Protein chains: 2
Amino acid sequence: MLDSLFNPESIAIIGASRTEGKLGHAILANVIDSKFAGPIYPINPTASEILGYEVYPTLADVPGPIGLAVIVIPAESVMQALADCAANDVGAVIVISAGFRETGREGLKLERQMAEIAEAHNMPIVGPNVLGVIDTIAPYNASFAVGMPSRGHIAFMSQSGALCTAVLDIALAQNIGFSRFVSLGNKAHLNEIDFLQSWADDEQSKVVMAYLEGIVDGERFIKEARQITKKKPVIAIKSGTTSGGSRAVSSHTGTLAGSERAYEAAFKQAGVLRADSISEMFDLAIAFARQPLPKGDRIAIITNAGGPGIMATDALEKSGLKLAGLNPEIQRKLKENLPAAASVLNPIDVLGDARSDRYKAVFQTVLSDENVDAVVVILTPQFTTEIEETARALADAFEAQPAASRKPVIACFMGEAHMHEARRLFYERNIPSYPIPERAAAAMKAMVAQASWMAKPLPEFEEFEVDRETVAKIFAQVRADDRVQIGDAESRDILVAYGIRIPKSQLCTTADEAATFAREIGYPVVMKIASPDILHKTDVGGVRVGLRDATDVRDAFDLMVYRAQKYQPNAQLWGCLVQEQAPDGKEVIVGMNRDPQFGPLVMFGLGGIYVEVLKDVAFRIAPFNREEAMVMMQEIRSFDLLRGVRGQPPADLDTVADTLLRLSQLVTDFPEIVELDINPLMIFERGQGVMGVDMRLVLKSE
Amino acid sequence: MLDSLFNPESIAIIGASRTEGKLGHAILANVIDSKFAGPIYPINPTASEILGYEVYPTLADVPGPIGLAVIVIPAESVMQALADCAANDVGAVIVISAGFRETGREGLKLERQMAEIAEAHNMPIVGPNVLGVIDTIAPYNASFAVGMPSRGHIAFMSQSGALCTAVLDIALAQNIGFSRFVSLGNKAHLNEIDFLQSWADDEQSKVVMAYLEGIVDGERFIKEARQITKKKPVIAIKSGTTSGGSRAVSSHTGTLAGSERAYEAAFKQAGVLRADSISEMFDLAIAFARQPLPKGDRIAIITNAGGPGIMATDALEKSGLKLAGLNPEIQRKLKENLPAAASVLNPIDVLGDARSDRYKAVFQTVLSDENVDAVVVILTPQFTTEIEETARALADAFEAQPAASRKPVIACFMGEAHMHEARRLFYERNIPSYPIPERAAAAMKAMVAQASWMAKPLPEFEEFEVDRETVAKIFAQVRADDRVQIGDAESRDILVAYGIRIPKSQLCTTADEAATFAREIGYPVVMKIASPDILHKTDVGGVRVGLRDATDVRDAFDLMVYRAQKYQPNAQLWGCLVQEQAPDGKEVIVGMNRDPQFGPLVMFGLGGIYVEVLKDVAFRIAPFNREEAMVMMQEIRSFDLLRGVRGQPPADLDTVADTLLRLSQLVTDFPEIVELDINPLMIFERGQGVMGVDMRLVLKSE
């Protein structure tokens with residue numbers, strides 16, 4: 001769909017200007033300077049030539065087909081220009097002009113019309129309110145950015161045009177290359193999802209970086225992002241994570257922010273790597289653009305300095321990576337080739353006087369260790385250190401690996417004044433290098449995470465046989481009653497319809513019937529007086545627990561009925577509810593509320609203070625699969641209480657996972673459910689299942 | 001004490017060498033190049049002149065007094081050289097040579113002798129195994145570092161010589177100035193504490209940076225660091241925080257590592273700011289070296305870009321800082337001077353087309369707001385942005401503030417290629433600048449924390465009137481019995497001796513006596529059969545709780561004695577223990593274990609799973625004061641349960657703090673206590689106090 005944007009046969013600039021310092025001039029100049037190969041058509045009714053190019057008064061005057069039009073005129077004329085574009089079969093449009101959604105409702109309305117024009121004429125629109133688009137492959141620079149990045153393998157999109165300028169300025173200084181560079185702006189038509197789709201199969205783009213303030217369609221985002229992340233890494237910054245930041249997003253973009261925990265869950269489920277700053281985003285992207293992914297998480301550290309070796313160990317362990325345990329044979333080999341004072345344990349200390357040959361020999365030996373998946377090489381500029389030579393030796397050894405089975409290496413040459421040459425060399429030889437071990441570790445962590453994500457197949461979602469019809473009927477009744485909350489009996493019916501076990505119970509009208517049912521479900525049982533008129537059952541002795549045999553049940557029946565008649569003679573009596581008594585177990589809460597951006601956000605946590613005081617909860621967006629449900633449970637800090645510690649038996653986690661999936665199916669089947677809690681869900685010992693004791697469910701107000 | 005080191009009248013280099021590429025040559029060259037003003041004496045028995053300087057065969061041949069001697073000869077000759085130094089009244093010594101502690105026990109022994117020589121002759125020794133010492137004030141460069149940093153206000157010490165080289169290389173590239181630059185090495189004599197003491201009153205040093213792998217004397221470190229941090233900031237990296245890193249420290253330095261949580265507590269109590277990387281250490285130091293401290297935590301953000309404004313808001317809020325709420329009068333003033341689309345809420349968006357004059361006007365207005373304590377100014381390089389002019393305008397406005405009441409400002413000019421001039425200007429004008437908002441926020445957070453720390457007086461430690469003698473006697477008895485654990489009755493006596501309430505109890509020999517005592521302490525009471533022979537009291541019905549009146553007590557007494565006699569006729573019967581029954585309350589655990597580096601590490605947490613599964617605990621090193629005890633309690637995640645939530649009454653936190661302080665006094669008074677837990681300590685409602693129900697205490701094995 002975006003071929004017309006990324007591979008245009010010609011470019012028209014609507015609003016090209018003679019005046020330097022105007023955007024319409026800067027953009028034309030950029031298109032020309034970018035060595036775009038096709039025709040360039042400046043459009044301006046009052047000029048005849050700009051920067052040596054013939055100017056056309058209107059689009060209709062252009063002699064050839066128009067691949068891409070860039071609109072850079074005042075907001076009030078933009079809609080007419082778009083109509084002209086549509087009339088002249090333009091392939092794609094970039095609307096640079098600002099003054100739409102960000103100025104109020106009228107602007108938002110115009111943006112909706114833009115989207116309609118785009119769809120009606122199959123003419124994708126970027127913007128409005130953007131810096132522009134740069135494509136180093138086509139190549140063209142249809143932006144008013146100061147400078148054009150070099151060709152590379154990073155595709156970038158940003159919801160903030162200003163951030164584009166900062167990112168570009170960093171890239172220019174560090175010679176970081178891009179394939180595509182897109183300012184998303186107000187996203188009237190094209191949004192992040194379209195570019196994710198487009199870049200999934202873009203061979204020029206090995207890694208995607210994104211700066212996002214909000215997401216247009218959360219559910220679709222997860223679905224599409226999950227596709228591309230199985231092929232290449234996507235690194236995103238999502239700003240507005242704090243309450244202050246989220247307020248700033250709303251006032252800046254005018255969109256309703258999804259909750260931070262929903263974003264957190266969504267990125268996790270979609271395999272999107274989250275960066276906390278543009279530095280981190282670059283650090284990760286550079287590693288991905290230049291190195292193969294590791295096969296595992298066992299990292300070796302080679303260093304000429306003890307202190308930095310310790311720092312690297314700390315950083316890697318904090319990232320959840322493992323220090324490789326070297327093969328004894330490899331250790332023996334290292335020992336042979338190193339001075340006695342060197343350490344051949346990991347981190348491997350080649351000592352302060354190590355020259356390039358020692359580094360190279362050790363590096364090669366370590367690469368050959370089957371217990372090592374990746375290597376971090378640290379260097380400090382000591383008295384006899386050969387900085388550039390070591391960099392070259394490492395690059396040689398890295399490249400000497402068979403291309404198909406290369407292990408990744410990250411360099412951490414610490415310092416700055418004497419490091420420029422080595423960094424340049426690493427850059428040319430495609431070895432990522434960072435000045436401090438902490439950044440090397442963060443990049444390594446991302447590489448390991450991406451490798452592990454790509455090794456897993458796309459999730460398949462189980463579908464349970466459920467009784468949708470019953471639930472639909474109940475909801476219809478709730479609607480008919482003009483309610484949004486459901487009642488007790490309705491809750492029970494919904495849980496049963498979706499295969500979630502509840503305490504067995506039956507309304508019994510005689511003591512005999514009660515005793516018979518109690519024997520059926522097994523002792524002990526609970527009994528409650530059943531009357532629509534008795535609100536406070538315990539006040540009239542109308543609740544009894546722990547009834548252990550038929551005598552207990554008969555006695556309780558007669559006594560309850562007698563007392564109810566005595567204390568509330570006018571009450572209508574239906575009999576007694578006989579109910580299975582839940583055995584001892586752990587209380588958990590499973591719940592859902594509907595996030596404005598991502599839909600059904602499902603929660604899991606232990607009951608009571610764990611959720612309420614400790615906020616010890618985990619979230620996923622439905623639908624998710626069984627493996628995700630299991631990981632979700634493991635994310636809570638109090639998971640050990642369920643897994644079984646201190647002599648307690650392990651809980652039936654398989655059935656809890658099952659319940660989470662059934663709940664997930666329920667809230668997906670019925671988008672009108674806005675809130676739901678099963679609280680408590682009793683969990684029993686492994687093999688004994690669960691029991692939903694109480695449920696609260698709220699439907700959307702009409 | 002360190003005057004002789006930092007202000008030497010002359011420098012001798014023992015081991016000065018003719019041969020380029022040798023350390024003894026490099027150090028001499030560095031001393032010469034550093035423009036040291038006093039005489040320089042190369043010492044070498046086989047040379048007559050090096051680098052134009054006359055060489056002396058021995059120290060005794062030197063014609064004048066020797067302020068500082070640098071020893072750079074093989075390890076085996078170092079002790080003799082030190083003896084020569086002592087004999088020739090050398091002021092201070094730097095031992096560059098390696099080959100001591102790091103090679104084994106013999107080396108450690110030699111280091112102990114070094115310390116003895118140093119103390120005996122009042123001749124402080126740096127090292128051995130160091131890069132050297134650089135002093136830009138004296139000035140001299142007595143190191144084999146490649147290059148000398150410029151003069152500045154940062155004092156730096158590092159336990160890793162290699163890290164020194166990296167730090168120096170960064171400083172050289174960024175023109176970051178130092179006052180003193182010390183490689184600590186093996187710390188045979190001078191260690192981190194000596195330099196903290198020396199730099200506390202060093203007017204040349206505004207901020208101290210330290211890289212530490214271990215600390216020589218934890219208790220003294222806290223005491224001394226607390227002194228200097230009340231005068232100037234100390235930023236430290238402590239490596240070896242993970243288990244892998246800690247193993248690496250031990251193998252690298254041969255020292256027993258203190259626990260990470262002890263370091264965490266120690267740095268907190270000493271006011272030492274902890275950095276996680278050398279980048280962060282520099283970021284913080286630069287801010288401190290160049291800016292005044294803020295008066296509070298209310299930060300204003302000025303930005304020409306919405307996205308980066310959101311990122312800065314996120315970063316500041318995550319750091320625990322507040323976005324200033326601007327004075328309405330100031331907002332009105334801003335509105336008058338800004339385009340309509342600008343935001344005059346915080347973050348203040350001056351819009352993408354802001355030139356330097358708009359930035360300056362807004363910055364001045366914001367500085368004048370009494371609701372603002374500090375300002376972060378963000379700039380992205382947009383189309384009409386005046387980068388250098390804006391930097392200059394900001395610096396002008398900053399300096400235009402009255403010197404005594406300047407509010408700090410941090411610049412965040414995002415980008416790189418076009419930012420060099422602005423950064424240089426900021427550097428010259430003493431305004432810290434960072435390329436991303438997250439680093440600006442981290443620096444601001446440190447400045448606010450330092451200001452708040454300095455505003456608080458040094459802690460004063462309460463001393464309770466306690467009965468030390470009783471405890472000393474109990475411990476003597478435990479020793480005499482060849483035990484390390486104490487018994488039940490001993491525990492109770494110790495708690496009472498230190499003023500910690502325990503359940504009242506008394507051994508009663510008759511039912512009458514029991515009833516009388518029960519009335520005295522108040523009902524309900526607990527009773528236990530008292531016999532040295534009945535181990536499982538409950539098995540013979542020997543424990544009763546909830547006894548409510550004299551009849552209950554008499555009945556229980558007679559029944560217990562009857563049953564004991566019946567079931568265990570040979571048991572010796574002492575009577576019954578009558579005990580106060582603890583009212584309902586919350587169970588907490590207070591405990592202590594002795595850290596190898598820092599001594600008594602006191603722990604606080606809620607009882608049971610909170611400590612055991614959730615690891616929800618807080619630590620402080622004794623002694624600490626009441627305020628620190630209160631903060632310690634607030635640090636646990638489950639603090640809300642104590643504070644009183646969900647309709648529960650607040651617990652008596654004052655008395656818990658009191659108990660923590662008394663416990664702290666106990667473990668400080670008796671260093672032989674290696675482990676102690678009061679578990680549970682029952683806490684009652686506010687005003688109702690606490691009760692130590694059970695205590696475990698272990699003394700050091702002899």
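If you're wondering where the values come from, they're calculated on a predicted model, not measured in any experiment. Just so we're on the same page: letters track the sequence lines, and every chain starts at 1.
A/Ser160 and B/Pro308 make their closest contact through OG-CD, 3.9 Å (heavy atoms, listed as atom of the first residue, atom of the second, distance). The heavy-atom pair separating A/Ala417 from B/Ala173 by the smallest distance is N-CB, 3.5 Å.
Only the side chain of A/Ile237 comes within less than 4.5 Å of a heavy atom in chain B; its backbone stays farther off. Looking at B/Leu323, there are no atoms closer than 4.5 Å to chain A (heavy atoms on both sides), in backbone or side chain. Contact annotation for A/Phe413: neither backbone nor side-chain heavy atoms come within less than 4.5 Å of a heavy atom of chain B. With a 4.5 angstrom heavy-atom cutoff, A/Gln382 touches chain B via backbone and side-chain atoms both.
Shown here is A/Lys322, whose NZ atom has no more than 12 heavy atoms of other residues, nucleotides or ligands within 6.0 Å.
Per-residue counts of heavy-atom pairs under 4.5 Å with chain A were compared for B/Asp276, B/Leu131, B/Val167, B/Thr385; the largest is that of B/Asp276. Between chain B and the options A/Asp314, A/Thr165, A/Ile170, heavy-atom pairs under 4.5 Å are most frequent for A/Asp314.
B/Asp640 pairs by the salt bridge (charged side-chain N to carboxylate O under 4.0 Å, His left out) definition with B/Arg643, not counting sequence neighbours. Considering only residues two or more places apart in sequence or on other chains, B/Phe383 meets the ring-ring contact (aromatic ring centres under 6.0 Å, His included) condition with A/Phe144.
With rounding to the nearest 0.5 Å, the separation of CZ in B/Arg637 from CZ in A/Arg637 is 3.5 Å. Note: B/Met311 CE to A/Ser277 OG = 7.0 Å, rounded to the nearest 0.5 Å. If you take CD on A/Glu416 and CG on B/Leu172, they are separated by 10.0 Å, rounding to the nearest 0.5 Å.
In this structure, the side chains of A/Asp169 and B/Met419 come closer than 4.5 Å at one or more pairs of heavy atoms. B/Pro435 is not listed as a side-chain neighbour of A/Ser279, based on a closest heavy-atom distance of 4.5 Å or more.
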* Asked: Between B/Leu163 and A/Met414, is a side chain to side chain contact (heavy atoms under 4.5 Å, CB included) present by the stated rule, with each step listed?
  -> CA-CA 8 Å; B/Leu163 196 82; A/Met414 298 176 72; 3.8 Å; yes
